[in-house]
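Structure first, commentary second.
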Amino acid sequence: GAEIAPDFASMIAKVIARGASREQAAARLRRALDELEVIVEDGIILSNGNFHVPALALAFDAAAIGLSQVANVTTARAEKLMTERLSDLPGTLSPRGTTRAGMAPLLKTAQALAIEIGHLANPVATDQRSSADGVEDDTSNAPQAVAKFEQALDRFRLLVGLEFVIAAQAVEMAAPQRLGRATAIAQQAIREIVAPLDEDRGFGAAVEAVAALIADDRFQRRLDAALA
């Protein structure tokens, strides 16, 4: 936030470029400045080709693929809670028995979210295109990789929120004598915003509320403290 006096401005950085003409040298100077990244927090200046970031595209593509795998496992866990022979609980997690839909409709939503996340995991780094009349002969698609990962992450938060809603109902019905510290905190936090299921009802707003809870740093800190 401090101002730099004019007497010292020229001492901050010096960039020297050579070219066959003044115009070419100026273009190289502009390019050099474009390819500098200043990381204030670490107090460093990095030289990088800002226009060409294939490593970023590859990293986000890989992260999206990994997220898809976790999404499939998350969906499977929710399904198992509603599989009577595995959980020893009513198949719909309804206290009124399998004559009610209970939590079963949420599995359709879970599967749809997992499918969308899987679709967003399709890599874009392999789909290079040539541009600028062949001068820039490789586009990394890094912005697309980041954007689709963000979309997948939003859906994954909803999927985890959905699993928490189902799990909270399963805990209510199983009525264990004691819960682990972190599990007890999560159960209490969910029950503060989502009432136990009695008669069939919609859960869209509840899933969104729990997804927001999971993303809250305060909730994560409470869980971390319980596990420490």
Side-chain angles (χ1 to χ4, degrees), residues 63-122 147-224 226-227:
I65 292 170
L67 192 65
S68 177
Q69 293 182 341
V70 177
N72 289 328
V73 173
T74 302
T75 303
R77 282 197 303 259
E79 290 175 352
K80 284 177 172 55
L81 286 175
M82 278 190 265
T83 303
E84 190 170 349
R85 63 181 176 81
L86 297 175
S87 66
D88 207 23
L89 297 171
T92 63
L93 294 183
S94 171
R96 298 182 181 273
T98 54
T99 58
R100 301 291 195 276
M103 294 281 179
L106 285 178
L107 289 183
K108 303 291 187 184
T109 306
Q111 291 163 355
L113 287 168
I115 289 169
E116 288 187 19
I117 293 168
H119 178 71
L120 289 165
N122 286 318
K148 72 182 182 63
F149 179 75
E150 184 179 18
Q151 295 172 33
L153 197 58
D154 287 341
R155 286 159 176 78
F156 183 70
R157 288 193 188 100
L158 289 172
L159 181 57
V160 174
L162 184 150
E163 184 190 14
F164 270 45
V165 170
I166 292 174
Q169 182 67 17
V171 168
E172 292 277 347
M173 299 197 69
Q177 291 184 350
R178 185 167 175 264
L179 293 173
R181 287 176 294 175
T183 305
I185 289 172
Q187 181 76 1
Q188 179 185 356
I190 292 167
R191 282 294 168 249
E192 288 172 0
I193 55 179
V194 182
L197 174 67
D198 184 19
E199 280 289 359
D200 288 349
R201 67 176 192 266
F203 278 97
V207 168
E208 291 179 353
V210 175
L213 170 71
I214 294 167
D216 192 321
D217 289 342
R218 292 170 296 180
F219 176 66
Q220 294 177 21
R221 285 196 294 270
R222 286 175 63 189
L223 294 181
D224 290 341
L227 294 170

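Just so you know, these numbers use all the heavy atoms, side chains as well, and skip hydrogens, waters and symmetry mates.
- Heavy atoms only, all atoms of each residue included: Ala226 and Arg181 are closest at O-CZ, 3.2 Å.
- When atom types are taken as modelled, the side chain of Arg85 and the backbone of Asp88 share no donor-acceptor pair closer than 3.5 angstrom.
- Leu162 CG to Arg155 CZ: the interatomic distance, rounded to the nearest 0.5 Å, is 14.5 Å.
- Taken to the nearest 0.5 Å, the CD atom of Gln151 stands 11.5 Å off from the CD1 atom of Ile117.
- For Glu79, the CD atom sits in a packed shell: over 12 heavy atoms of surrounding residues, nucleotides or ligands are nearer than 6.0 Å.
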* Do Asp154 and Arg157 pass the salt bridge (charged side-chain N to carboxylate O under 4.0 Å, His left out) test, and can you show the C-alpha distance, the side-chain angles, and the key distance before you say yes or no? -> CA-CA 5 Å; Asp154 287 341; Arg157 288 193 188 100; 3.0 Å; yes
Which atom pairs, one a donor and one an acceptor, fall under 3.5 Å between side chains of residues 197-205 and the rest of the protein, sequence neighbours left out?
{"residue": "Asp198", "atom": "OD1", "partner": "Arg96", "partner atom": "NE", "Å": "3.1"}
{"residue": "Asp198", "atom": "OD1", "partner": "Arg96", "partner atom": "NH2", "Å": "3.2"}
{"residue": "Asp198", "atom": "OD2", "partner": "Arg96", "partner atom": "NH2", "Å": "3.2"}
{"residue": "Glu199", "atom": "OE1", "partner": "Arg100", "partner atom": "NE", "Å": "3.1"}
{"residue": "Glu199", "atom": "OE2", "partner": "Arg96", "partner atom": "NE", "Å": "3.3"}
{"residue": "Glu199", "atom": "OE2", "partner": "Arg100", "partner atom": "NH2", "Å": "3.3"}
{"residue": "Asp200", "atom": "OD1", "partner": "Gly102", "partner atom": "N", "Å": "2.9"}
{"residue": "Asp200", "atom": "OD2", "partner": "Ala101", "partner atom": "N", "Å": "2.9"}
{"residue": "Arg201", "atom": "NH1", "partner": "Pro196", "partner atom": "O", "Å": "3.2"}
{"residue": "Arg201", "atom": "NH2", "partner": "Ala195", "partner atom": "O", "Å": "2.5"}

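- Taken from CD in Gln169 to CD in Gln187, the straight-line distance is 9.0 Å, to the nearest 0.5 Å.
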* Does the pair Leu158 and Glu208 meet the rule for a side-chain contact (heavy atoms from CB on, under 4.5 Å), with working shown? -> CA-CA 6 Å; Leu158 289 172; Glu208 291 179 353; 4.0 Å; yes
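- Two residues are said to be in side-chain contact when any heavy atoms from C-beta on lie closer than 4.5 Å; Val207 and Leu106 meet this criterion.
- For Ser68 (side chain) and Ala64 (main-chain N/O), no donor-acceptor pair under 3.5 Å exists by modelled atom type.
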* Would Val210 and Ile193 count as a side-chain contact (heavy atoms from CB on, under 4.5 Å) if you check the C-alpha gap in whole Å, the side-chain angles of each, and the deciding distance to 0.1 Å? -> CA-CA 8 Å; Val210 175; Ile193 55 179; 3.9 Å; yes
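- Annotation: the span from Gln111 atom CD to Leu107 atom CG amounts to 6.0 Å, rounded to 0.5 Å.
- The line from OG1 of Thr109 to CE of Met103 is 12.0 Å long, rounded to the nearest 0.5 Å.
- Smallest separation of non-hydrogen atoms from Ile166 and Ala78: CD1-CB, 3.9 Å.
- The shortest non-hydrogen separation linking Leu120 to Lys148 is O-NZ, 2.9 Å.
- A donor-acceptor pair under 3.5 Å links the side-chain atoms of Asn122 to the main chain of His119, judged by distance alone.
- Taking CG of Leu89 as the reference point, atom CG of Leu81 lies at 7.5 Å (rounded to 0.5 Å).
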